[in-house]
Each structure stands twice: as C-alpha cells, then as structure tokens.
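Sequence positions, counted from 1, serve as the residue numbers for this chain.
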Amino acid sequence: NKSLADGDQLKVEGVLVITMANLQTGDNRLWVTWIVEVIITFVICIFSFKDFARYAYYARKFLASRSPSNFAILVQDIPESLRSTQKIYEYFDRIFPDQIAHAIHAENAPMLVTMKLDFDVAVMKKELAI
C-alpha cells in the first residue's frame, strides 16, 4: 500500500486499511471476524445468564422471607355483617384453614390505602431496578 502512487485505485487510506473491504474473496482473515463475533455473543449470553440467575436468587430469597408484606392484603367493600376483626378472621380462616395469622378491621382508613399503594409502587420500582 505504501509503495502505490496516490492516484492508484488499489491504494487504501484511513480506516479502510483495517476494514474487511480490503480483503479478497476467500481470504482466511474473514474467519477471524466471524470467530470474534461468536466469542462476543457467547460472552454476552454468559453475562446475561449470570445476571438473570442473580435476579432469580434474590427474588426467591425475598419471596421466601417471612415478611408480613409478602402476605398482607387489603380488602375493601366488606359487607356490613363482616365488619369486625373477629368476623373477618373467621371468614378468611374458614376459606384458608390455619393459614391466617391476623385480621385487622380498619374503618375509613384512606391513609392506610395510600400507604399500601405507595408500598406496592416502591416494591415494583425495586424489582424493576434489580
């Protein structure tokens, strides 16, 4: 390339010196590009798998924790006949025997609803950040 005159069509300058545009058909150096692409793809797949495995581990760990937030539910529009802590507990214990730890009746608690929604949003943001 250095021995060619400036006007020669075979002279290559700049970035074109290292691109595949310089290679002849059937040149063995084409394999180098293909091999590098395969290696990069393989490395990306490994990192993606490890990242997902880490996410799945922490998600299982969070869900397996005995945190009350994993089991707390907010029930609205309860019939008048069930609006006491004892009756709510008995109702859910009948549906889910020996699985209800507590039942608390809170009448007109808009702050509780707001806090529960804020908590759900925070958990969603945390899961998306992981």
Value rounded to 0.5 Å, distance of [atom1] in [X] from [atom2] in [Y]:
{"X": "Glu90", "Y": "Ser84", "atom1": "CD", "atom2": "OG", "value": "7.5 Å"}
{"X": "Lys126", "Y": "Tyr58", "atom1": "NZ", "atom2": "OH", "value": "11.0 Å"}
{"X": "Asp93", "Y": "Gln86", "atom1": "CG", "atom2": "CD", "value": "9.5 Å"}
{"X": "Tyr57", "Y": "Phe62", "atom1": "OH", "atom2": "CZ", "value": "14.5 Å"}
{"X": "Leu82", "Y": "Phe92", "atom1": "CG", "atom2": "CZ", "value": "8.5 Å"}

**Item:** Parallel, tilted or perpendicular, as decided by the 30° and 60° cut-offs, for the rings of Phe52 and Tyr55
**Value:**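 Because their plane-to-plane angle lies in the 30° to 60° range, the rings of Tyr55 and Phe52 count as tilted.
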
Counting C-beta onward and ignoring hydrogens, is there a side-chain heavy-atom pair between [X] and [Y] closer than 4.5 Å?
{"X": "Glu37", "Y": "Thr33", "value": "yes"}
{"X": "Tyr89", "Y": "Ile104", "value": "no"}
{"X": "Asp51", "Y": "Arg54", "value": "yes"}

Please say yes or no: joined through hydrophobic side-chain contacts below 4.5 Å, possibly via intermediate residues, are [X] and [Y] part of one cluster?
{"X": "Val38", "Y": "Phe47", "value": "yes"}
{"X": "Val32", "Y": "Trp34", "value": "no"}
{"X": "Ile78", "Y": "Phe96", "value": "yes"}

**Shortest non-hydrogen contact from Ala103 toward Ile88** =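 Heavy-atom minimum between the residues: CB-CG2, 3.9 Å.
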
**Item:** Glu80: partners by salt bridge (Lys or Arg N to Asp or Glu O under 4.0 Å), with sequence neighbours left out
**Value:**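 Scan of Glu80 (salt bridge (Lys or Arg N to Asp or Glu O under 4.0 Å), adjacent residues dropped) gives Arg83.
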
**Request:** Hey, could you give me each pair passing side chain to side chain donor-acceptor pair (under 3.5 Å) that has a residue in residues 96-106? Not counting sequence neighbours.
**Result:**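 Listed once each, the pairs are His105-Glu107.
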
**Prompt:** Can you name the residues that form a side-chain contact (heavy atoms from CB on, under 4.5 Å) with Ile39, not counting sequence neighbours?
**Reply:**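 Result, side-chain contact (heavy atoms from CB on, under 4.5 Å) vs Ile39: Ile35, Val43.
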
